[in-house]
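Some notes on the structure that comes next.
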Amino acid sequence: MHLNSHFFKRNTVLVAQDLLGKFLVRKIGKNKLSGMIVETEAYVGPHDLACHASKGKTDRTKVMFEPAGTWYVYMIYGMYYCLNIVTEAKNYPSAVLIRALEPTNLIEFMVKNRNLVPSSQLSVPSRKKLSTDHWALITLSDGPGKLCRALRIDKKLNCTSAVSKDAKLYIEDRGVKISKAKIVKSKRIGVAYAGSWKDRKLRFYIKGNQFVSQV
DNA sequence: CAAGAGATCATCT
DNA sequence: GATGATCTCTTGA
């Protein structure tokens with residue numbers, strides 16, 4: 001089931017947790033790439049000092065004031081994109097950052113998009129005790145910049161809708177249920193500048209899942 | 001293995 | 001002019 005605006009027009013922390021186990025679907029021509037969301041972060045509003053919109057409504061952040069179910073894509077460090085979905089009421093700037101996926105469909109297509117070195121040249125940390133092929137799979141979309149590259153997500157998708165019928169990028173419920181006991185809460189990554197908000201446990205991931213980002 | 005630097009640019013001061 | 005919701009590669013122990 002294609003998630004609609006009612007799903008996203010809710011408390012951001014709830015949406016962030018409920019997105020675990022949902023499937024991100026990217027249509028490229030006839031291809032439908034997809035992966036299960038295994039890690040998210042909540043950016044809960046203008047008072048959240050880690051939230052880009054805490055600095056007000058600017059050209060970059062105006063998309064966060066759009067209705068729930070709008071994509072917010074921005075470039076970070078000059079090289080990577082980050083994918084967020086806008087939540088809560090229109091004009092309340094908040095969003096969920098999608099940080100990692102467990103690839104499920106058209107994995108070869110994602111590997112091409114990532115432009116990776118052959119797995120034969122891959123160095124697997126010895127304590128992981130994994131084959132290079134398995135390691136190549138795990139590191140395909142285990143971070144916000146990597147998953148955007150794997151699914152060819154860039155600024156062209158910024159401010160587009162995830163809930164319209166013809167969306168090229170949207171989220172599906174395929175009936176996977178993640179119990180509360182399997183959701184780990186931790187500090188958000190890379191927000192040391194956010195004062196009293198930097199230590200809030202607004203990052204969520206599926207306990208024990210191999211595809212969660214390495215921190 | 002850990003730690004550090006470099007890539008590279010949109011955004012805000 | 002500085003910095004960042006990141007990732008990868010190099011260095012050195």
Side-chain angles (χ1 to χ4, degrees), chain A residues 12-13 15-17 19-20 24 35 37-65 70-88 93-101 103 110-111 113-130 132 135-159 184-205 211-215:
Chain A
T12 307
V13 172
V15 175
Q17 294 181 70
L19 279 174
L20 299 176
L24 183 65
I37 298 169
V38 300
E39 178 180 351
T40 61
E41 282 177 4
Y43 290 84
V44 300
H47 54 298
D48 174 359
L49 295 177
C51 181
H52 291 158
S54 66
K55 300 210 172 94
K57 192 170 183 175
T58 65
D59 274 348
R60 179 209 217 182
T61 63
K62 64 188 179 192
V63 57
M64 298 183 89
F65 294 74
T70 303
W71 292 116
Y72 168 33
V73 182
Y74 69 95
M75 175 165 268
I76 184 70
Y77 298 109
M79 296 206 77
Y80 300 100
Y81 293 101
C82 284
L83 175 68
N84 302 252
I85 185 130
V86 175
T87 57
E88 310 217 21
S94 53
V96 173
L97 170 68
I98 298 177
R99 283 192 58 88
L101 299 177
M110 296 187 205
V111 170
N113 291 339
R114 283 291 311 280
N115 199 15
L116 298 163
V117 300
S119 64
S120 55
Q121 296 176 24
L122 217 51
S123 63
V124 181
S126 55
R127 70 191 157 80
K128 297 283 184 183
K129 297 194 164 68
L130 298 171
T132 52
W135 184 245
L137 177 62
I138 284 178
T139 54
L140 189 54
S141 55
D142 63 337
K146 295 188 207 178
L147 76 88
C148 285
R149 196 159 276 187
L151 298 188
R152 269 198 229 165
I153 292 164
D154 62 24
K155 274 205 87 170
K156 288 197 284 293
L157 287 160
N158 186 45
C159 214
V184 182
K185 303 174 173 138
S186 73
K187 297 176 189 178
R188 293 174 291 185
I189 307 303
V191 297
Y193 60 86
S196 60
W197 282 82
K198 73 181 169 61
D199 294 328
R200 295 286 293 269
K201 294 192 169 179
L202 294 172
R203 170 175 174 244
F204 307 99
Y205 61 90
F211 298 84
V212 170
S213 68
Q214 312 294 302
V215 182

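Because the structure is a prediction, the values reported are computed rather than measured. Numbered from 1 within each chain, the chains take letters A, B, ... in sequence-line order.
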Spacing between A:Ile76 atom CD1 and B:dA10 atom C1', to the nearest angstrom:
9 Å

Checking A:Glu88 side chain against A:Val86 main chain: does a donor-acceptor pair fall under 3.5 Å?
no

Measure from OH on A:Tyr77 to C1' on B:dA10 and round the result to the nearest Å.
13 Å

Looking across every strand, which nucleic acid part, if any, lies under 4.0 Å from A:Ile189 by heavy atom: base, sugar-phosphate, or nothing?
sugar-phosphate

With both pairing distances under 3.5 angstrom for Watson-Crick or G-U wobble, and | for a partner in another strand, the correct string for DNA chain C is ||||.|||||||.

Using side-chain contact (heavy atoms from CB on, under 4.5 Å) as the criterion, point out the one residue from A:Leu202, A:Thr40, A:Leu83 that pairs with A:Val96.
A:Thr40

Ranking A:Gly78 and A:Thr61 by the position along DNA chain B of their nearest nucleotide, the one closer to 5' is A:Gly78

Starting at NZ of A:Lys62 and ending at C1' of B:dT11, how long is that distance when rounded to a whole Å?
13 Å

Hey, which of these two, A:Gly190 or A:Val117, hits DNA chain C nearer its 5' end, going by closest nucleotide?
A:Gly190

Name the nucleic acid region contacted by A:Arg149, choosing base, sugar-phosphate or nothing; use a 4.0 angstrom heavy-atom cut-off, strictly under.
nothing

Without decimals, in angstroms, what is the distance between A:Tyr193 OH and B:dT13 C1'?
16 Å

Determine: side-chain N/O of A:Lys155 to OP1/OP2 of B:dT11, distance under 4.0 Å, yes or no.
yes

Nearest 0.5 angstrom please: A:Cys148 SG to A:Lys155 NZ, how far?
13.0 Å

Contacts to DNA chain B from residues 38-60 of chain A, heavy-atom cutoff under 4.0 Å, which residues?
A:Thr58, A:Arg60

Quick one: how far along DNA chain C does chain A reach, first to last nucleotide 5' to 3', anything under 4.0 Å to a heavy atom?
C:dG4 to C:dT8

Please round to the nearest 0.5 Å and tell me the distance separating atom CZ of A:Arg99 and atom CZ of A:Phe204.
13.0 Å

